[in-house]
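What you are looking at is a predicted structure, and each value in this text was computed from that prediction instead of being measured.
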Amino acid sequence: MKASFKARYEPDKATAFATVAANAGDFKLRASMTDATIVNGPCLNGLGLAIEKPGFFIIDYNVPKKDLRFQFMNTIRVAEKPLNLTYIHSKGDNKTILNGSLALDPANKVSANHVIGTGDTKLKYTYVHGGLTTFEPSYDLGKNAWDFMVARKVYGDDLFRATYQSSSKNLGLEWSRASKLNGSFKISASVNLAEERKNAKTMCRDYLGF
């Protein structure tokens, strides 16, 4: 059995998170907690448990809310192309989501997301240029609105990302790094272009992993 520990702290919210994971054969076991779990004495607040068989299913259990979330995955071939299907059901809010993604080739992928019983449907196209730059337009049928995302990998571990939501006119920028050698962090900023007085919101997160 192999185990790992990850933690992160969000200064803007003064909140800490920690995850302990272990591999047991073909299964992965995970426990997550927040500072609310231990600061005021050991309690169930912020405690979550999960069991996963990669590529097949994930079962999450929110201990304080007594809420179960099921996720099942499968892959089939369509015209010799892999079609990944995901079924997600949350017992607490009685919501069921269907996801599907079809990889046309290594650089092009189309995907869809639908919440059963609602008009919430999203379509997305992803194009990866040269393995470094990603262009991703998406269309929300429920809102009749487009979203756009552009991301660029630099220096191996760094990622710059820009997003624009046409429905809310929100523009977002993000710089993140995921490196075992140089550490991991995320710096993000957003601004609403529809506001007469444009105030940017910034956020910085540091991540620790062992």
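Residues forming a ring-ring contact (aromatic ring centres under 6.0 Å, His included) with Y61 (at least two apart in sequence, or on another chain): none. The side-chain hydrogen bond (donor to acceptor under 3.5 Å, both in side chains) search around T133 returns R152, not counting sequence neighbours. Qualifying side-chain hydrogen bond (donor to acceptor under 3.5 Å, both in side chains) partners for T118, counting only residues two or more places apart in sequence or in other chains: none.
Two different hydrophobic clusters hold I187 and L159 under the rule that ILVMFWY side chains link at heavy-atom gaps under 4.5 Å. V63 and L29 fall within the same hydrophobic cluster, defined by Ile, Leu, Val, Met, Phe, Trp and Tyr side-chain heavy atoms under 4.5 Å apart, directly or through other members.
Connectivity analysis of hydrophobic side chains (ILVMFWY, heavy atoms under 4.5 Å, direct or indirect) links L104 to I76, V78, L83, L85, L102, V110, Y125, Y127, F135, V150. Cluster note: I88 groups with I97, V115 through ILVMFWY side-chain heavy atoms spaced under 4.5 Å, whether in direct contact or through intervening members.
Interatomic distance, CE of M33 versus OG1 of T19, reported as 8.0 Å (0.5 Å rounding).
Within the structure, every pair that satisfies the salt bridge (charged side-chain N to carboxylate O under 4.0 Å, His left out) test and touches residues 59-77, not counting sequence neighbours, is listed here: R30-D60, D60-R69. Listed by first then second residue, pairs satisfying salt bridge (charged side-chain N to carboxylate O under 4.0 Å, His left out) with a partner in residues 157-166 read D158-R177, not counting sequence neighbours. Residue pairs satisfying the ring pair (Phe, Tyr, Trp, His ring centres under 6.0 Å) criterion with at least one member in residues 153-175, sequence neighbours excluded, are listed as follows: F160-W175, W175-F185. The stretch residues 100-126 participates, sequence neighbours left out, in these salt bridge (charged side-chain N to carboxylate O under 4.0 Å, His left out) pairs: K124-E136. Within the structure, salt bridge (charged side-chain N to carboxylate O under 4.0 Å, His left out) pairs that include any residue of residues 89-104 do not occur (at least two apart or interchain).
The number of heavy-atom neighbours closer than 6.0 Å to CZ of F72, taken from other residues, nucleotides and ligands shown, is above 12.
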Under 3.5 Å, which donor-acceptor pairs link side chains of residues 142-149 to any protein atom two or more places apart or in another chain?
residue: N144; atom: OD1; partner: Y139; partner atom: OH; Å: 2.3

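No side-chain N or O of N170 forms a donor-acceptor pair with one of S190 less than 3.5 Å apart.
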### Query
Do L98 and I116 pass the side chain to side chain contact (heavy atoms under 4.5 Å, CB included) test, and can you show the C-alpha distance, the side-chain angles, and the key distance before you say yes or no?
CA-CA 7 Å; L98 296 178; I116 293 178; 3.9 Å; yes
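Counting all heavy atoms, side chain and backbone alike, L123 lies closest to A112 at CD2-CB, 3.8 Å.
Taking the centre and axis of the six-membered ring of F57, the NZ or CZ atom of K53 falls outside the cone set by 45° and 6.0 Å.
Two residues are said to be in side-chain contact when any heavy atoms from C-beta on lie closer than 4.5 Å; T121 and N113 fail this criterion. Side-chain atoms of M73 and I58, non-hydrogen and from C-beta on, do get closer than 4.5 Å to each other.
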